[in-house]
K.L.:
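A single structure is presented below for examination.
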Number of protein chains: 2
Amino acid sequence: MAQAAPLYRLPCGACLDCDVRSMAVCAALEDDEVDALERIMISRSLEANQVLAEEGDPKTYVYTLTSGMLRLCSSLPDGRRQISGFLMPGDYLGLADDDVHTRTSEAVADAKLCAFPVRDMDGLVKVYPRLSERLHGMTRAALRHAQDNQMILGRLTPVERLASFLLVLSRRAREHKQPDNPVLLPMPRADIADYLGLTVETVSRSFTKLRNDGLIRLPDAHTAEIVDRDALSDLAGIEPH
Amino acid sequence: MAQAAPLYRLPCGACLDCDVRSMAVCAALEDDEVDALERIMISRSLEANQVLAEEGDPKTYVYTLTSGMLRLCSSLPDGRRQISGFLMPGDYLGLADDDVHTRTSEAVADAKLCAFPVRDMDGLVKVYPRLSERLHGMTRAALRHAQDNQMILGRLTPVERLASFLLVLSRRAREHKQPDNPVLLPMPRADIADYLGLTVETVSRSFTKLRNDGLIRLPDAHTAEIVDRDALSDLAGIEPH
DNA sequence: ACTAGTCATTGATTGCAATCAATGCGGCAC
DNA sequence: GTGCCGCATTGATTGCAATCAATGACTAGT
């Protein structure tokens, strides 16, 4: 994996008309306050498959993803891998971690992020309680999400897992003000497999099953058009939060 | 399931020599501050299998468990159940929830808890920032725990899941200042199964496997003595946080 | 003491997803 | 254009955990 790209600064005032401002931590601050965030912010970009932080690395930065997609994953000594989540623009990296990163973070596709030195961020959090509240709220949401995944991994069949995955992606796209249909799948099948606790082959067969049953269409491998959302929801069994 | 037991108040000053004070939220407050917590606190007790809160109930109270054990679970329409976690004395109930409980909470064994009205708690949190920080820290820990479970559920074999389960219980007992060996298993096999995404039969067979391989002893169904902790750790593959 | 009921274990069988293997489908270098 | 490589799909087979079924240990009720 390539090393991190060199850091550079964005011109001042950029946060004010940022695409993800309303979804990200920054939403906790008023127009005249984001300036404080922007002052400690450093822009970064990643190429596809570039590693941002390794499991066990000290947490010196926290990040807001502004474009592209990241995966959070960890691996067993024998190579088995589990992806604990995908980050979409507006999402925050570092919610679960105290002083070290507990998961490896890699770019699924070319990505841009805002990096905040944790020391500076800790300082800001004390000045702006709303920032702290927002981070806490985002952590709670991430916890609910992770608990939902426990049900998905522990009790759902492969097709059910895929159905719930597609619905969650669709819903999150909507929350992130993107079209919720068709669902974009920037990640390869292997990532979906490692997220859903399956093999690539089973993921592929599950896609085919959903397509043959008329619940989705697959114009190409990275696009899933939801045809019958209700049937898909029935399959998934649980309402995504 | 029986209804909640009647509420009653503990005499003043009880928090000061509480068994779980050092593990619970309360640890964030000094001796002269816990008083504020105690003033809004209501003691409750639950019998085994009694329901504390149902999935979807409004979150009017948050709780600290002081004795016994709770399970947090959710169920699919067809009855499949997933337990997202077990609460031990000192643990906090309500970390993941905003205004409604997202999981059902039930007593595994007779339990005692401190109940705090959320409105009052929200007020205290504003007065004592350390309380808020502690809650946020506990939420982050819960998130790491839930993400570890994703790996367990998605990628580990049944014996590996059980090994990691026993190690986590052992470690948490130690953290809660209880002996870390033998491991006490107050919950029935069905709960372990629904936590690990297995069937009771497979859980039972996995116990037998670990016993026959000499990694544990089973004096009785609710006690597992760890004989070879290293081998167990190797099996589990991941270090519990 | 006897019965009924719950829970854990063990055995026999089945079924589904993992594994193994082959093919297809672009994209890219040259 | 050709060949190569990564990725997705499909097919054949295997193996493991779920399912089905029976038994045993223990508790509570009468």
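Chain naming here is simple, since letters A, B, ... match the order of the sequence lines and numbering starts at 1 in each.
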K.L.:
Where each residue is assigned the nucleotide of DNA chain D containing its nearest heavy atom, which of A:Arg189 and A:Arg155 is assigned the position nearer the 5′ end?
P.N.:
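Upstream on the strand: A:Arg189.
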K.L.:
Tell me, which of residues 203-217 of chain A have any heavy atom that sits under 4.0 Å from an atom in DNA chain C?
P.N.:
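Hits under 4.0 Å, by residue number: A:Arg205.
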K.L.:
Are B:Arg71 and B:Asp191 ion-paired here, with the side-chain N under 4.0 Å from a carboxylate O?
P.N.:
yes
K.L.:
Under the side chain to side chain contact (heavy atoms under 4.5 Å, CB included) criterion, do A:Leu153 and A:Arg161 qualify, and how do the steps go?
P.N.:
CA-CA 7 Å; A:Leu153 291 165; A:Arg161 295 184 203 194; 4.2 Å; yes
K.L.:
Could you tell me how far apart B:Glu201 (CD) and D:dA22 (P) are, to the nearest whole angstrom?
P.N.:
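So the CD-P distance, B:Glu201 to D:dA22, works out to 14 Å.
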K.L.:
Considering residues, nucleotides and ligands other than A:Asp228, do more than 12 of their heavy atoms fall under 6.0 Å from its CG?
P.N.:
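It does: A:Asp228 CG has more than 12 such atoms within range.
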K.L.:
Going by ring pair (Phe, Tyr, Trp, His ring centres under 6.0 Å), name the residues that satisfy it together with B:Tyr63, two or more places apart in sequence or in a different chain.
P.N.:
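Here no residue qualifies.
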K.L.:
Tell me every residue that passes ring pair (Phe, Tyr, Trp, His ring centres under 6.0 Å) with B:Tyr195, counting only those two or more places apart in sequence or in another chain.
P.N.:
B:Phe86, B:Phe165
K.L.:
Decide, yes or no, whether a salt bridge links B:Asp148 with A:Arg103 under the criterion of side-chain N to carboxylate O below 4.0 Å.
P.N.:
yes
K.L.:
A side-chain contact here means heavy atoms from C-beta on lying under 4.5 Å apart; do A:Leu210 and A:Val159 qualify?
P.N.:
yes
K.L.:
Bend across the helix from C:dA1-D:dT30 to C:dC30-D:dG1, to 10°, with axes taken over 5 pairs at each end?
P.N.:
30°
K.L.:
Against B:Lys59, only a single residue in B:Asp98, B:Asp97, B:Thr102 fulfils side chain to side chain contact (heavy atoms under 4.5 Å, CB included); can you say which?
P.N.:
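Answer to the side chain to side chain contact (heavy atoms under 4.5 Å, CB included) test with B:Lys59 among B:Asp98, B:Asp97, B:Thr102: B:Asp97.
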K.L.:
Between B:Arg172 and B:Asp91, does any side-chain N to carboxylate O distance fall below 4.0 Å?
P.N.:
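Salt bridge flag = yes for B:Asp91 with B:Arg172.
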K.L.:
Return the set of residues passing side-chain hydrogen bond (donor to acceptor under 3.5 Å, both in side chains) with A:Ser206 (not counting sequence neighbours), or none when no residue passes.
P.N.:
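Partners of A:Ser206 by the side-chain hydrogen bond (donor to acceptor under 3.5 Å, both in side chains) criterion come out as none, since no residue qualifies.
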K.L.:
For a 4.0 angstrom threshold against heavy atoms of chain B, report the outermost contacting nucleotides of DNA chain C in 5' to 3' order.
P.N.:
C:dA8 to C:dA12
